[in-house]
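Just below is one structure, and these are the notes that go with it.
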2 protein chains.
Amino acid sequence: MNSPRRTTIYDVAREAGVAASTVSRALNNPRRVNPVTRDHVVAVAERLGYRPDPLATALQSGHKATIAMLVPDITNPHFFGTIRGAEKRASEAGLTFILANTEESADNERNQIERLSRSVDGFVLAASRLREDTTRELAREYNLALVNRQVEGLPGAVVDNGSGSRQIIEHLASLGHRSVVYLSGPHRSWTASQRWRALRAAAERHGMTARRLGPFPPKVDGGGAAADAALAAEATALVAHNDLLAIGVLRRLTERGIPVPGRVSVVGYDDIFGADLCVPALTTVAGPQEEAGRAAVELLIRKGSLSRSQPAPQQVVLPSHLVIRDSTGPAA
Amino acid sequence: MNSPRRTTIYDVAREAGVAASTVSRALNNPRRVNPVTRDHVVAVAERLGYRPDPLATALQSGHKATIAMLVPDITNPHFFGTIRGAEKRASEAGLTFILANTEESADNERNQIERLSRSVDGFVLAASRLREDTTRELAREYNLALVNRQVEGLPGAVVDNGSGSRQIIEHLASLGHRSVVYLSGPHRSWTASQRWRALRAAAERHGMTARRLGPFPPKVDGGGAAADAALAAEATALVAHNDLLAIGVLRRLTERGIPVPGRVSVVGYDDIFGADLCVPALTTVAGPQEEAGRAAVELLIRKGSLSRSQPAPQQVVLPSHLVIRDSTGPAA
DNA sequence: GTGAAAGCGCTAACAT
DNA sequence: ATGTTAGCGCTTTCAC
């Protein structure tokens with residue numbers, strides 16, 4: 001803030017009877033300075049309540065000690081876990097954590113990156129809406145790590161929806177379902193296409209038919225249209241792009257008096273808070289979202305501190321698993 | 001980032017054939033420079049892809065264009081609305097938004113404030129755990145706005161739980177309840193004591209007895225102990241500190257086979273996502289949390305841009321209201 | 001081991 | 001209306 005005037009490195013220097021550069025060294029490279037002077041300087045700094053100014057440090061050294069996380073929609077509970085994990089890891093590493101909403105817009109996302117680029121050491125892009133080539137291009141200039149989006153050559157952490165999707169199909173198959181409808185999410189969403197691909201492949205292996213409907217807005221409100229469309233398609237098993245949509249579907253089905261899982265089974269993804277509260281409790285694919293957020297920050301940190309000869313950026317894949325609750329049952 | 005080298009104001013100055021200060025003026029005080037030169041400078045800046053460095057600007061001018069929001073527990077859905085509102089308003093105002101978790105610790109909160117103070121123009125403290133005198137002391141040095149916490153003389157926005165609490169009591173009274181138990185939240189929580197005070201006062205007016213139990217951790221997990229304690233106290237109406245706790249209570253009651261609202265009624269606060277999904281759907285006090293977050297940022301912005309002769313800092317009070325669902329019914 | 005000096009990119013007097 | 005100059009607070013050569 002603009003308070004009276006903060007203690008600077010010069011105040012400490014004067015008080016300690018040394019040069020400013022010595023103060024800087026004593027505080028940052030303790031081993032490069034005589035233990036006696038070091039202790040003295042540190043003591044004086046302490047006494048004067050000296051706090052380095054991160055801005056001045058950053059301007060000079062380029063090290064901002066700050067990362068930014070960009071999220072398509074802060075509203076969506078799905079991201080809370082990821083945000084939490086990222087914030088925690090950043091905090092542990094002494095990094096300041098900037099959070100920004102991109103409102104599901106690739107342009108917005110790109111602008112935010114450019115706007116913040118001078119202020120941060122790197123970005124965690126959660127469920128990025130950027131095109132793959134744009135992402136690669138930006139990654140040449142900026143330090144990026146992705147969450148729940150894979151782009152070859154870029155570091156990132158994803159929750160593997162493939163395993164979850166396969167488990168869904170196996171579960172449904174074992175209940176006697178012969179066909180499944182996927183109620184899809186946003187076009188640009190990598191996760192969405194990922195889920196659908198795995199679902200379709202697994203369905204094929206099990207001799208089930210799989211169709212895709214939508215896209216629907218991945219929110220509770222989107223559930224009305226999604227449920228109606230699915231019903232018109234005469235499906236016995238509905239897999240929604242995420243829990244929000246699934247919950248909306250559940251609601252609409254209840255409204256229309258369709259028994260779940262009596263007549264149709266419903267499955268979601270994410271296992272958000274509330275998935276086990278709704279009625280019937282939602283069968284859904286749970287993944288370690290918090291862990292993914294944490295891992296992405298981790299990769300960003302490691303990447304930044306590496307020498308030129310960096311090994312190939314790492315991709316972390318975390319397993320998901322199906323949580324079976326009450327919204328799935330034997331085929332009608 | 002540390003990319004090759006970014007375009008600076010000097011590059012633009014050279015290319016445009018003017019002094020650096022003119023570039024600065026052309027970009028920041030357009031009216032103080034000849035329209036012709038201004039346009040030229042702007043065009044060159046554009047062509048060169050010039051982006052001002054926020055750090056350098058901040059270091060020189062003291063204007064950081066950044067605010068930080070401190071939250072006791074990012075995990076808690078209660079804060080999502082507040083965070084969202086604050087982030088939105090900050091974003092609209094072109095401010096960078098820093099989010100930090102204080103882990104329910106006053107010390108941590110204070111440290112964060114000190115750590116970030118040089119990097120931001122001000123702080124939004126959500127449900128601050130700081131003592132009142134500490135808060136006042138800090139407010140002398142830093143720019144603070146509070147959310148859901150009132151400290152005289154400090155700007156802030158609160159959701160008025162008083163009105164909601166009164167509505168709870170009226171509702172319960174009209175259902176024939178004669179006594180109510182409040183399952184309290186964290187000790188340090190201003191909101192918690194606020195709620196209890198209003199509840200007790202309203203109960204008194206209605207000739208109801210009110211008791212307080214706890215404190216319980218304001219999470220779903222806290223509900224087990226809270227429900228058991230309430231049952232032992234033979235209450236017919238339970239008011240939980242927040243929805244998380246209320247949901248936990250509901251769960252425990254179901255486990256124990258206690259009919260809700262047949263034998264006891266349950267009420268929460270916050271109307272979080274999920275409150276209408278649980279069974280029975282939770283009667284709860286809803287408040288415009290998002291609006292509160294937004295208002296706090298608004299106050300921070302206004303405060304910063306005011307002249308010395310500031311009017312008394314504003315306190316915004318937003319009304320809450322009771323949402324009646326299925327967890328409350330006639331007294332047994 | 002320590003000091004002097006330059007400069008990160010920008011803004012804000014002060015001159016002209 | 002524009003240019004010159006002096007820093008903001010820090011780190012980092014480069015000398016000594």
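Every chain is numbered from 1, with letters handed out A, B, ... down the list of sequences.
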Kindly list each side-chain donor-acceptor pair under 3.5 angstrom involving residues 289-299 of chain B, sequence neighbours excluded, with atom names and distances?
| from | atom 1 | to | atom 2 | distance (Å) |
| --- | --- | --- | --- | --- |
| B/Gln289 | OE1 | B/Asn148 | ND2 | 3.0 |
| B/Glu290 | OE1 | B/Arg84 | NE | 3.2 |
| B/Glu290 | OE1 | B/Arg84 | NH2 | 3.4 |
| B/Glu290 | OE2 | B/Lys88 | NZ | 3.0 |
| B/Arg294 | NH1 | B/Glu92 | OE1 | 3.4 |
| B/Arg294 | NH2 | B/Glu92 | OE2 | 2.9 |
| B/Glu298 | OE1 | B/Arg89 | NE | 2.5 |
| B/Glu298 | OE1 | B/Arg89 | NH2 | 3.1 |

TODO: Indicate, with a heavy-atom threshold strictly under 4.0 Å, whether B/Thr8 touches base, sugar-phosphate, or nothing.
DONE: sugar-phosphate
Task: Distance-only polar pair, side chains of B/Arg115 and A/Thr96, donor-acceptor under 3.5 Å - done: yes
Open item on the list: Can you list everything that forms a ring-ring contact (aromatic ring centres under 6.0 Å, His included) with A/Phe80? Sequence neighbours excluded, please.
Closed with: B/Phe80
Open item on the list: If you count every heavy atom of other residues, nucleotides or ligands that lies below 6.0 Å from B/Arg47 atom CZ, does the total exceed 12?
Closed with: yes
Task: salt bridge (Lys or Arg N to Asp or Glu O under 4.0 Å): pairs with one or both residues in residues 28-41 of chain B, sequence neighbours excluded - done: none
TODO: Could you tell me from which nucleotide to which nucleotide of DNA chain D, 5' to 3', there is an atom under 4.0 Å from chain A heavy atoms?
DONE: D/dG9 to D/dT13
Open item on the list: For B/Ile9, give me all partners under side-chain contact (heavy atoms from CB on, under 4.5 Å), at least two apart in sequence or on another chain.
Closed with: B/Ala20, B/Val23, B/Ser24, B/Tyr50
- [ ] Determine to 10° how strongly the helix from C/dG1-D/dC16 to C/dT16-D/dA1 is bent, judged from the axes of its five-pair ends.
- [x] 40°
- [ ] Please identify each residue that fulfils side-chain contact (heavy atoms from CB on, under 4.5 Å) with A/Arg14, with sequence neighbours left out.
- [x] A/Asp11
Between N or O atoms, less than 3.5 Å apart, protein on one side and nucleotides 3-6 of chain C on the other: list the pairs.
| from | atom 1 | to | atom 2 | distance (Å) |
| --- | --- | --- | --- | --- |
| C/dG3 | OP2 | A/Ala19 | N | 2.9 |
| C/dG3 | OP2 | A/Thr22 | OG1 | 2.5 |
| C/dG3 | N7 | A/Ser21 | OG | 3.4 |
| C/dG3 | N7 | A/Arg25 | NH2 | 2.8 |
| C/dG3 | O6 | A/Arg25 | NH1 | 3.2 |
| C/dA4 | N6 | A/Ser21 | OG | 3.2 |

Task: For atom CG of B/Leu27 and atom C1' of C/dG9, their distance in whole Å - done: 13 Å
- [ ] With sequence neighbours left out, write down each residue that passes side-chain contact (heavy atoms from CB on, under 4.5 Å) with B/Arg136, or none if nothing qualifies.
- [x] B/Glu132, B/Val151, B/Glu152
Task: A/Asp121 side-chain N/O to A/Ile67 backbone N/O, donor-acceptor pair under 3.5 Å - done: no
- [ ] Go through residues 33-53 of chain B and report each residue with a non-hydrogen atom lying under 4.0 Å from DNA chain D, sorted by number.
- [x] B/Val33, B/Asn34, B/Thr37
TODO: State, without any angle test, whether B/Gln112 and B/Thr102 hold a side-chain donor-acceptor pair at a distance under 3.5 Å.
DONE: no
- [ ] Let me know the distance between CG of B/Asn28 and P of C/dT11, rounded to the nearest Å.
- [x] 5 Å
Open item on the list: Can you confirm whether the side chains of B/Ser117 and A/Arg6 place a donor and an acceptor under 3.5 Å from each other?
Closed with: yes
Open item on the list: Just the rounded figure in Å: distance from P of C/dC10 to NZ of B/Lys64.
Closed with: 17 Å
Open item on the list: Which residues pass the salt bridge (Lys or Arg N to Asp or Glu O under 4.0 Å) test with B/Glu137, not counting sequence neighbours?
Closed with: B/Arg110
- [ ] Please state how far atom CG in B/Asn29 lies from atom C1' in C/dA12, giving the value in whole angstrom units.
- [x] 10 Å
- [ ] Return the set of residues passing side-chain contact (heavy atoms from CB on, under 4.5 Å) with A/Asn101 (not counting sequence neighbours), or none when no residue passes.
- [x] A/Ile74, A/Glu103, B/Glu87
